[in-house]
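Here the structure is laid out as structure tokens; the discussion comes afterwards.
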Number of protein chains: 2
Amino acid sequence: MNDIKQFLRSNSLRPTKQRIVIAGYLFDGTDKHITAESLSTELTKRKHIISLATIYNTLHDFYENGLLKKLILSSDRVYFDTNTDDHHHFYSEKDQFLIDINKNIKVNGLPKTPKNKKINKIEVIVHLDK
Amino acid sequence: MNDIKQFLRSNSLRPTKQRIVIAGYLFDGTDKHITAESLSTELTKRKHIISLATIYNTLHDFYENGLLKKLILSSDRVYFDTNTDDHHHFYSEKDQFLIDINKNIKVNGLPKTPKNKKINKIEVIVHLDK
DNA sequence: TATCAGTTTAGAATGATTCTAAAGTGTTGA
DNA sequence: TCAACACTTTAGAATCATTCTAAACTGATA
């Protein structure tokens, strides 16, 4: 709990009740893929009632501070990933199925980066099913 | 024009006025990345007034019939790509910048596909800037 | 050319996300 | 310890891409 406060502070986030609860859940040591909706459901299940607006704010704040990765996989919801290491994903739209690929993937044969641009990150999505 | 009609028919799409216009624009030989909005703007510029609903319907129909690729890159709009070959993309969210990578990319080191799943496609997105 | 299934369309509805502005709360300095 | 204020939270409204509805229209067929 004080760990969490310190953790938030060290990421320039004021440790409010809500952020402490959310961070406590998200960063419990197990990698998680969540959406605003799924996070809200999970917190409610644990008797922590936090408004959706705050959940959106918090996910955004955590993302902006590098505590979460944002995944754009579907047009109807945004996923966040608590694993912020460089990694990739298996994804099944049909089954809402999302698994990290932590193995070291190599992408070979990339052409020259467009003029005046820098590569920020390379994302590999392995789409399953159809 | 009759080419386009045949083209639509051969893809089990009834060649309506609107579809002919849209297909004529989309499949003119040059690869295009479009959104419903950008397509609407482009058609309006060419004096072809087609309702947004029809534009959405048509993009969806073309996609369902394999004439377009769908690209989920941003949470606030869906891109379609007239290049349906296996290929990848450079993408800059900041600049709404999207370029095909047609070179042969190889992704090495993928782990085993999850049980009972089949790989549908592998998508590589090279994110530029930040 | 009549008929009808497939299409188009205006306008309403949807739903995730963002915005607003008012009330609440960490933090800081004295 | 506490006043003061900047930062947060929140309910509810607003936004906006996309989908839905159901009525009018049209390509295909016989």
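Within every chain, numbering begins at 1; the chains are lettered A, B, ... in the order of the sequence lines, protein sequences first and strands thereafter.
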Over 12 non-hydrogen atoms of neighbours within 6.0 angstrom of [atom1] in [X]:
| X | atom1 | result |
| --- | --- | --- |
| B/D86 | CG | no |
| B/E93 | CD | no |
| A/K121 | NZ | yes |

_Test: B/K117 and A/D95 ion pair at under 4.0 Å_ = yes
*Output yes when A/D81 and A/K70 qualify as a salt bridge under the 4.0 Å nitrogen-oxygen rule, no when they do not.*
no
*Are B/T82 and B/F80 close enough, and set up right, to give a side chain to side chain contact (heavy atoms under 4.5 Å, CB included), and what steps lead you there?*
CA-CA 7 Å; B/T82 59; B/F80 289 92; over 6 Å; no
*Who else is in B/I49's hydrophobic cluster (ILVMFWY, side-chain heavy atoms under 4.5 Å, direct or via others)?*
none
*asked:* Quick check for you: name the first and last nucleotides of DNA chain C, 5' to 3', having an atom under 4.0 Å from a heavy atom of chain A.
replied: C/dA16 to C/dT27
*asked:* Are B/F7 and B/F27 an aromatic pair, judged by ring center distance below 6.0 Å?
replied: yes
*Using five base pairs at each end, measure the axis-to-axis angle across the helix from C/dT1-D/dA30 to C/dA30-D/dT1 and round it to 10 degrees.*
30°
*asked:* Within 45 degrees of the ring normal and closer than 6.0 Å to the centroid, is that where the cationic atom of A/K69 sits relative to A/Y79?
replied: no
*asked:* Under a 3.5 Å threshold, yes or no: a donor from one side chain and an acceptor from the other, between A/T41 and A/T44?
replied: no
_Whether the A/H127 and B/E123 side chains hold a donor-acceptor pair (N or O, under 3.5 Å, no angle test) is what I'd like checked._
yes
*DNA chain D: B/N57 or A/N57, which has the more 5' nearest nucleotide?*
A/N57
*Specify the separation, in whole Å, of atom CD of B/E64 and atom C1' of D/dT19.*
14 Å
*In whole angstrom, what separates A/L43's CG from D/dT9's C1'?*
15 Å
*Cluster overlap B/I105 with B/F90, hydrophobic side-chain contacts below 4.5 Å*: yes
*How would nucleotides 22-30 of chain D be written as a contact map, 5' to 3', with B for base contact, S for sugar-phosphate-only contact and - for no contact, using protein heavy atoms under 4.0 Å?*
----BBS--
*What residues, two or more places apart in sequence or in another chain, satisfy side-chain contact (heavy atoms from CB on, under 4.5 Å) together with A/N102?*
A/N83, A/H87, A/D100
Write down the protein N/O and nucleotide N/O pairs, taken from nucleotides 15-18 of chain D, whose separation is under 3.5 Å; answer none if there are no such pairs.
{"from": "D/dT18", "atom 1": "OP1", "to": "B/V78", "atom 2": "N", "distance (Å)": "2.9"}
{"from": "D/dT18", "atom 1": "OP2", "to": "B/Y56", "atom 2": "OH", "distance (Å)": "2.5"}
{"from": "D/dT18", "atom 1": "O5'", "to": "B/Y56", "atom 2": "OH", "distance (Å)": "3.3"}

